[in-house]
Every structure is written in C-alpha cells, then in structure tokens.
K.L.:
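The structure that follows is given in the form of structure tokens.
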Amino acid sequence: MNHFDEMTASLYLDGQLERTQATDVRAHIGECSECRALLTALENESKWLSASLREKDPVPGRFAAPEDAKSLPWGWITALGFAAGGAFTVWTGMVEPFQRQLNQAGMTGGNLMTMLFFSSTLWRGWSSLLNFLGYFSAAALAMLLVVLLQRYWRRGATVGIVLAGLALMLAAVPQPAGAAEVYKAKPGHPNYLLTAGQTVNTDLIVFADSVHIDGTVNGDLIAFGNTIEVAGHVTGDVIGWGNHVRITGQVDGNLRSGAGAVFIGGKVGKNVSAWTGAVEIARGGEIGGSLTSGAGEFLIEGKVGRDFMAFGGTTTIDGTIGGNVQLRSGELQIDQTANIAGYTKYVGDHPPVVETGAKLGSPVEFTLHSRAPNYRTWRYYWHRAEFWGAAFVFGLVLVLLLPGFVAEGTRASQKFLPSLGIGVVALIATPIIAIIVCFTVVGIGVSIATLMIYAIAIYAAQIFVATWLGNALMGHSEGTGGALGRLAVGLLIIQVLQMIPEHVGDIVCFVVILWGLGAIAIASFRYLKPSVAAAA
Amino acid sequence: MQPGTEPGGQNAAELADAIRRARVGDSDAWADLYRQFAPAVFRFCRRAMPSREDAEDATSEVFLKVRGKLDQYDASRPFNAWLYRVAANQCWDLLRRRRVRQDLETGDIETIPLEHPDPGQLERLLAERSAAQVRKGLEQLPNRTRMALTLRYYADMSYDEIAETLGVRRAFVGVLLLRARHQLRRVLEEAVAAQKKSAVGSSA
C-alpha cells in the first residue's frame, strides 16, 4: 500500500474505516515510519483537543455550583433595605408633596411624561434633583421584578415586555400627529406667519425660523423655532421650543416652553412651565394658573393667578401672585408694588430684599442656602448610605439583566483616557443630537427616549467605574457573587471620595461620570455589534 | 472519559432518582440537577458559541428546554449525553438563526484539504499552545467548524450524532472535522507567528 493521506489517517483513528481498509492501514504503519509519525501526531492532536476543550475553566457564578447560595444573601438584604428606605424617602419627600402641589396648582391628570418634562415641581431645586436620583432605587425595584420574570420566561420575551412598556410610555406622550396641520420651513421660506383673521381649526405644528401667530389656532400650537410669538389667539396649549417665546396675545390653555427667554405680555389662561434663561411677565401680562419654572432670571411685573414655584438665579417680583411663592434662587427682591396672597418660602444665597409697601400674605420664610454639606448630621450620612444602596441595587439589576454588557463596560473602563475622552464627547454630543432629532416629527419620541437613556447612562456610569475599582483592589472575579461584592466596595469608595469637601468631591463625581459614560459608549458599540469574533 | 460523567460524585442511582423526582416537579431535585450539570453545559456552550455572552444566554435557554423536555429523556441512556444533544441543538439553532458567515461556509465545502501536515511541526504546535489558547482560537473559527470540534472533542459525539445535529450527510462528517482541525491549526499558527513577531519587535 502507498502512503495514506491525512483524511484516511483521521478516519482510521476515529474508527470510521471499513475493515479491509483499516487492515491495510494497520499493515502499512508497521513498515512506514513516515505514516506512523503522522498517525501519532494526529492522535496526539485529538487528545490535545479533548483535553483543551474539557479543561474545567471557571464558569460564571450563576452556573457554578452555588454552595454559597444557601447562606443568607446579606448583600441582597442590605441593598433591598436601602432601596426600600430610598423609595420611602422618595415617596414622602417627593411624590406626596408633588401631588399636593399639583392639586393646588390646578394641574390634575396629564400623563407621566408631561408631568416629568413640563409641569414637574420635581425640578424645584437642586436638592430635589439630587433626591431624584433616589428615584432610581424605586425604578431598580421595578427592574428587579423584570429579573424575576426573566427566570420564568425567555430573555427575548422579557426584553419584548420591557420594550413594549417603553413603547406604551412613549405612546402616552401626546401624539401631535392625527388631526394636526404640520408646517416645515423650506429653503427660501424660513418663516411661518398666520396672519390676523386666518384660522387654523386643528392642532398646529410648526418648524420654522420665525413663527408668528397673529390669527387664531383652534387647538394646540406646537412650535420649534428661533422666535415664536403668539400675538393672536390659541385656544389650546402652546408648546414652544425656541430662542425667544413671546406671548402678547391670548393662550387659553397652558404654556410649556424650553426657550432662551419667555416673555408674557398677553394672557395665558392656565399654567405656565418654562425652563429657560429668563422669564418676564410684563405689566399687563397675566397667567391664570400657576407658574412653574427654572430660569436664570425672573421678572414678574404682571399677574400670576395661583402659585409661583421656581428655581433660578435672581428673582424680582413687582406684580401680583394669587397663591404661594416657593423659590430657590440666588437673590430675591420684592418691590413695593408687589402683592402676594399666600406665603413666601425662599431658599437662597442672600437674604430677601422686601421693600416697604409690598403686600405679603405672611412674612417671607427665608432659609439660607448653604452649599457645603452638613457633615455633622446623621441625615447626611444616611442620605449617602441611601445613594450607595440605590446605586448598588441599580448595579445589581444591571449585572443580572446584562452581565455581558457590564463585563464589556468594565473592560472598557480599564482604558482610562480613551473612556474619559469618549465620555466628554458623549456628554456633550448626546443632548445636541437629541435636540436635532427632535426637529423631525417622528423624532420627538426618539429624542425623548434618547434623553432618558442619556440620564440613565449618566447614573449608570458609576457602576462601571465602581466595578473596575473593585476588581483593581480585590482582583478579578468570575462569579456573580464576587462581582457584586466588588461593585459594592467600589461604590462605597466612590461615595466616600465624593464626600471630600472643597469641590474635590464634585470633581470626583464629574470624573466618574465622564469615565463611566465613555466606558458605556464603548461597550454599547461593541455589545450591539453582532458577534465580532464570528466574523474574524 | 466524558466531562461530567460523575458530576458531584453522585452515583447513577441517585442521579436517576433526582431525574425521576424532577420530572414530577420536585424543585429541589431540579435544583440538584442544575447544580450538577450547569457548569458542564455552560462549558459546552462556551466552546460552541463565539462569545461568553452568547454562551450564557444559550446555557439559560438549554435549561429551560431541558426542564420542559425532561419527560422525553430515555433513562437507559447517559443523562449528560442527552443533555449535550439538547445543548447542541439549541446552540446550533441560535447560530443558524444568526446566519453570520453562513454563506461563506456553504461554498467550497466538500473539498478535502490537500496540504499534508508535517508531523514534527504539528507536534511542536501542540507543545506550544496552552489549553486556554486553544479555546481562544476556537472563538475565531466559523460557526460550523467550531461546532463540529465541540461536538466531537468536548461532548464526544459519534459521527452519526454530529451528522444529525449539523444536518449534514454522515459521509461528510470526517471531512468537516479534518477541515476544522486544519482551520484551528492555521489560527493557532498565526497566533504563534504574531506573538514571535511582537516579541522580536519589542526586543529590537
């Protein structure tokens, strides 16, 4: 017999040759050292493959024999305790007052998204904003439910349910489509003018450089533009995003605005919420409901029918407030012509200046806003512990839901400078992209979703940095339990570092956000790209 | 020996008992089975799938399947062999659904590699590469190639079982396996070359 080929040798070794063939091979290797060497090498290769593949390398914790699962899961109990505490604090400190405010302000109903984005007294101050983070502990608990569901359903179904939930939320956002007239500026016609006497009998959505309404809109006006002026009459709400929003005519509904400056010289029948550089209610200007706002500067010379709730830089009140004033501001000046029917609560950097002659329902309750945290109170440390607990629960859910993503993000955060660089870009670019996307009608939902993910990513940034930190200190862990322990330690260190006074803590916080955000961006890119290894 | 033949040192009677109880919905028995076999199944999926994440997903789904199909298990055959069959079908389903590189794999498939290996060179390669490096190299192979190697050398499946799982003719399994070995050798040799090159580069 001639030398046999590798195929024959391989089949012979696997016992796949017919008997006569096998006998031939056996006879041949007795006399041919060359073929014997080949056969031996192939046999060794098979053994080597089996040994390599069957080596008992570490497996993730949830697949490894979980002897430790029988001991009490103290991490869970602590974390859930903190989460419950956080949820309780959020409820008593925010949701209940929020609902009260809402009722007082005459804003009932509406949906979650409008509440969050337009009406929210959630934004009434930075401390509230910080507390808002505690809200994540409640959200994390909800996500925990998803994890439990996942144990019984396939992952695809779970993701489907979550996506369906998100879609439902987005669907709950008032859909401007339907019976609406949409105008988009075209080259050469950058402006939109509804002349006096003209009437639009549906909702009106306008994208244009300058939007001028002199006529009547029997419905809502949703406008995106540089200058938006309503000199005519809008019977519904006005939602305006632009550089200047001016109401010199009449709006029967609410005004919701994100703008450089809001000027109200006319009449707004219901409530105004505005997140802007400046708000001016001119003499003769009137708001039937409440004014809820965040702005750099407030000048109120006209009339606000109900409450005025705001946070901002400087506030000057010359006019009439029908309800209460709740303010978080750098400065507050109440002039002699002012008339405030209810109470005035003011938290600020400077004492209020109240001119004689000003009519106040009760004297101004002033709290000096101290920027330095109060290290002497237990409350401060309790809050810190709550932040830690909330972040841990959030991380826990992340690790359980997306173990691969967390691992990828942690890997990415090992490269500090690239992560930091990409973090800076992501931090700045995302809102800009969201705003640009917003300018297409279908884009509004996408834009809001993007901003929500952005907010979550900023919060999640610390998880990745903490996991990296834990791994750096305690060594890498394959198991889920070990990973969670490292996460807890990392978060604790970050919390402690953030407590350092004199802005060091703030800087730590900022660096953690940039670093983690960059890692998330890198990880998302890698994670969402299908199976790079398979294509190699 | 097959991996996990004697998981947790439990004997066949205890295992049969655990399976019988798990079938009638005893969740402790099920937890027992899971504890014993999850590592082996995960390792199977880890070899068969291109990434760790895929392997984790696949493992979870395998156990969901197994739980539903436990009735169909024929107690006269080894449990872990049956488990690997379920895992193999699950992984192959997942990979096929993805269709990455599928087109490339179907062309030019039945040709037998012509170049003959130099036994000395092959033995050197075996000596140079660690088990972890072999598994790493596996990740870089096309889906079917990786799958074939896993079925044969991890799960110890017969040619018939491999043919059935991958949906190929039985006569083709030998070719498939040999091609797979060639591809793995090439990947590992390239890694060696790259390593040497970088070592030379850094010392220069």
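Every chain is numbered from 1 and lettered A, B, ... according to where its sequence line falls, protein lines coming before strand lines.
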K.L.:
Applying ring pair (Phe, Tyr, Trp, His ring centres under 6.0 Å), which residue pairs with at least one partner in residues 50-70 of chain B are found, sequence neighbours left out?
P.N.:
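Checked against ring pair (Phe, Tyr, Trp, His ring centres under 6.0 Å) - neighbours excluded - the pairs reaching residues 50-70 of chain B are B:Tyr34-B:Phe63.
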K.L.:
Using a 4.5 angstrom heavy-atom cutoff, name the option from A:Lys47, A:Glu55, A:Glu45 with the most pairs to chain B.
P.N.:
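If we count pairs closer than 4.5 Å to chain B, A:Glu45 comes out on top.
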K.L.:
Taking the side chain as every heavy atom from C-beta outward, state whether B:Arg152 and A:Asp14 have any atom pair closer than 4.5 Å.
P.N.:
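The answer is yes, as the side chains (C-beta and beyond) meet within the 4.5 Å cut-off.
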K.L.:
For each of B:Arg43, B:Arg47, B:Glu56, tally heavy-atom pairs with chain A at distances under 4.5 Å, and name the one with the top tally.
P.N.:
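Max contact count across the listed options: B:Arg43.
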K.L.:
Please determine, among B:Arg46, B:Arg129, B:Gln133, B:Arg185, the option with the most heavy-atom pairs under 4.5 Å with chain A.
P.N.:
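It is B:Arg185.
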K.L.:
To the nearest 0.5 Å, what is the distance between CG on B:Leu149 and OG on A:Ser52?
P.N.:
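Result: 11.0 Å between the selected atoms.
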K.L.:
Using heavy-atom distances under 4.5 Å, tell me whether A:Gln16 contacts chain B through its side chain, its backbone, both, or neither.
P.N.:
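Only the side chain of A:Gln16 comes within 4.5 Å of chain B.
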K.L.:
Could you walk me through whether A:Leu49 and B:Leu184 pass side-chain contact (heavy atoms from CB on, under 4.5 Å), step by step?
P.N.:
CA-CA 10 Å; A:Leu49 280 171; B:Leu184 184 62; 3.4 Å; yes
K.L.:
Side chain, backbone, both or neither: which part of B:Arg170 has an atom under 4.5 Å from a heavy atom of chain A?
P.N.:
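Interface part for B:Arg170: side chain.
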K.L.:
To the nearest 0.5 Å, what is the distance between CZ (B:Arg135) and CZ (A:Arg54)?
P.N.:
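Reported to 0.5 Å precision, the distance equals 13.0 Å.
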K.L.:
Do the non-hydrogen side-chain atoms of B:Arg52 and A:Pro60 ever get within less than 4.5 Å of each other?
P.N.:
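They are in side-chain contact.
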K.L.:
If we only count heavy atoms from C-beta on, is the A:Leu53 to B:Leu138 side-chain gap below 4.5 Å?
P.N.:
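In contact.
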K.L.:
Look at the side chain of B:Arg181 and the backbone N and O of A:Leu42, then say whether any donor-acceptor pair between them is shorter than 3.5 Å.
P.N.:
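It does hold such a pair.
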K.L.:
With heavy-atom distances below 4.5 Å as the criterion, would you say the side chains of B:Pro39 and A:Lys56 are in contact?
P.N.:
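SC-SC contact between B:Pro39 and A:Lys56 ruled out.
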K.L.:
Less than 4.5 Å to any heavy atom of chain A: does that hold for the side chain of B:Leu126, its backbone, both, or neither?
P.N.:
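Both backbone and side chain.
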K.L.:
Roughly how far apart are A:Met7 CE and B:Leu177 CG, rounded to 0.5 Å?
P.N.:
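Nearest 0.5 Å value for the CE-CG distance: 8.0 Å.
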K.L.:
To the closest 0.5 Å, what do you measure between CH2 (A:Trp48) and CG (B:Leu125)?
P.N.:
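Those atoms lie 5.0 Å apart.
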K.L.:
Among B:Ala131, B:Ser158, B:Ala132, B:Gly174, which has the most heavy-atom pairs under 4.5 Å with chain A?
P.N.:
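If we count pairs closer than 4.5 Å to chain A, B:Ala131 comes out on top.
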